[in-house]
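Down below is the structure, laid out as structure tokens.
Per chain, numbering begins at 1; letters A, B, ... match sequence-line order.
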Protein chains: 2
Amino acid sequence: MALPGSIAAGAHDLSVHFEGLANPTRLMIVERLATTPELRVSELAVYCQVSQPLLSWHLRILRKAQVITTRREGREVFCSLDREAIAEHQSQFTRLIAFGGEQLAEPPTTNSITEGSS
Amino acid sequence: MALPGSIAAGAHDLSVHFEGLANPTRLMIVERLATTPELRVSELAVYCQVSQPLLSWHLRILRKAQVITTRREGREVFCSLDREAIAEHQSQFTRLIAFGGEQLAEPPTTNSITEGSS
DNA sequence: ATCTTTCATAAAGGCTACGTTATGGATCCT
DNA sequence: AGGATCCATAACGTAGCCTTTATGAAAGAT
């Protein structure tokens, strides 16, 4: 799907990230995880009132979307928000709608004649 | 629907908003619209290299997600980013992951004695 | 070792998103 | 008027998301 003037890898990552947030149940998970550093999978399942396999499936999507991270301790799995990755994606999107996504990972070549800021 | 001030409705709105951004083609539309105040539908279709009906369908989703707005002038339809709504949703999400969406104005009670753990 | 708890995965079905093609309505042009 | 352009919608097929039920692997408890 790569296209003209493309944002390429960045755009794909971004759409995957947003896809992770594009569901009420997953948004509920995010909201719950925002109130505490870590939560076990079973606790999240109770809170969201969904079956354990279904929650596991949602967690997989959230992990792929870089919204959460999981840590295994014995037979339990602890989930937490990936605040760093979320902030990174947010800032990427902000840049996208600010300049049009022209420069996503462009080194400062300082070749600018018309540069309004720094 | 869309009761003003409702938290539940807000969460739903948020997932709909993110769903609008959870697609490479739609993200490309957003990127393109970020570089100019307005664009016609046909121009967007050429840029994204998708058929006109398909683009029309994507635009409908973006409109419902409150990502863009459209304005009709004669037989042409001009699209533009709904920057205000986007900023509103972004800030809503930021609040969601910052405090969990519950306490918004909690003074520093400095009363950290009881920290329950189970 | 046996049983229980915790989580992941497989299989299967319903529902929706995505995409193409065809058509129609509205506006502009001649 | 007739034709051309711009956009929306309908009909339809495919692919993928969401959900349930059943099963399995791994660690802790007895």
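Rounded to the nearest 0.5 angstrom, B:C79 SG and B:L33 CG are separated by 6.0 Å.
Every residue two or more places apart in sequence or in another chain that forms a ring-ring contact (aromatic ring centres under 6.0 Å, His included) with B:F93 is listed here: B:F18. With sequence neighbours left out, the side-chain contact (heavy atoms from CB on, under 4.5 Å) criterion links A:R75 to no other residue. A search for side chain to side chain donor-acceptor pair (under 3.5 Å) contacts involving A:T36 returns nothing, not counting sequence neighbours. Under the rule for a side chain to side chain donor-acceptor pair (under 3.5 Å), A:E88 has no partner lying at least two apart in sequence or in another chain.
Both B:F78 and A:L54 lie close to DNA chain D; mapped to their nearest nucleotides by heavy-atom distance, the more 5′-ward contact belongs to B:F78. With DNA chain C read from its 5' end, the first of the two nearest nucleotides for A:R60 and A:E76 is the one closest to A:E76.
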All N/O pairs under 3.5 Å across the protein-nucleotides 22-30 of chain C interface:
unit_1, atom_1, unit_2, atom_2, d
C:dT27, O2, B:R75, NH1, 3.4

Using a cut-off of under 3.5 Å, enumerate the N/O to N/O pairs linking the protein to nucleotides 11-13 of chain D.
none

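Taking the side chain of A:E19 as heavy atoms from C-beta on, and the options C:dC7, D:dT19, D:dC17, the nearest nucleotide is D:dC17. Distance from the side chain of A:S56 is smallest for C:dA8 among the nucleotides C:dC7, C:dC18, C:dA8.
The hydrophobic cluster containing A:Y47 also includes A:M28, under a criterion of side-chain heavy atoms closer than 4.5 Å among ILVMFWY residues, counted directly or through chains of members.
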Identify every side-chain donor-acceptor pair in residues 53-62 of chain B under 3.5 Å, counting partners at least two apart or on other chains, and give the distances.
unit_1, atom_1, unit_2, atom_2, d
B:H58, ND1, B:R26, NH1, 3.1

Name every donor-acceptor pair, under 3.5 Å, that has one atom in a side chain of residues 64-73 of chain A and the other anywhere in the protein, sequence neighbours excluded.
unit_1, atom_1, unit_2, atom_2, d
A:T69, OG1, A:S80, OG, 3.2
A:T70, OG1, A:R63, NE, 3.3
A:R71, NE, A:E38, OE2, 2.8
A:R71, NH1, A:E73, OE1, 2.7
A:R71, NH2, A:E38, OE1, 2.8
A:R71, NH2, A:E38, OE2, 3.1
A:R71, NH2, A:E73, OE1, 3.4
A:R72, NE, A:G74, O, 3.3

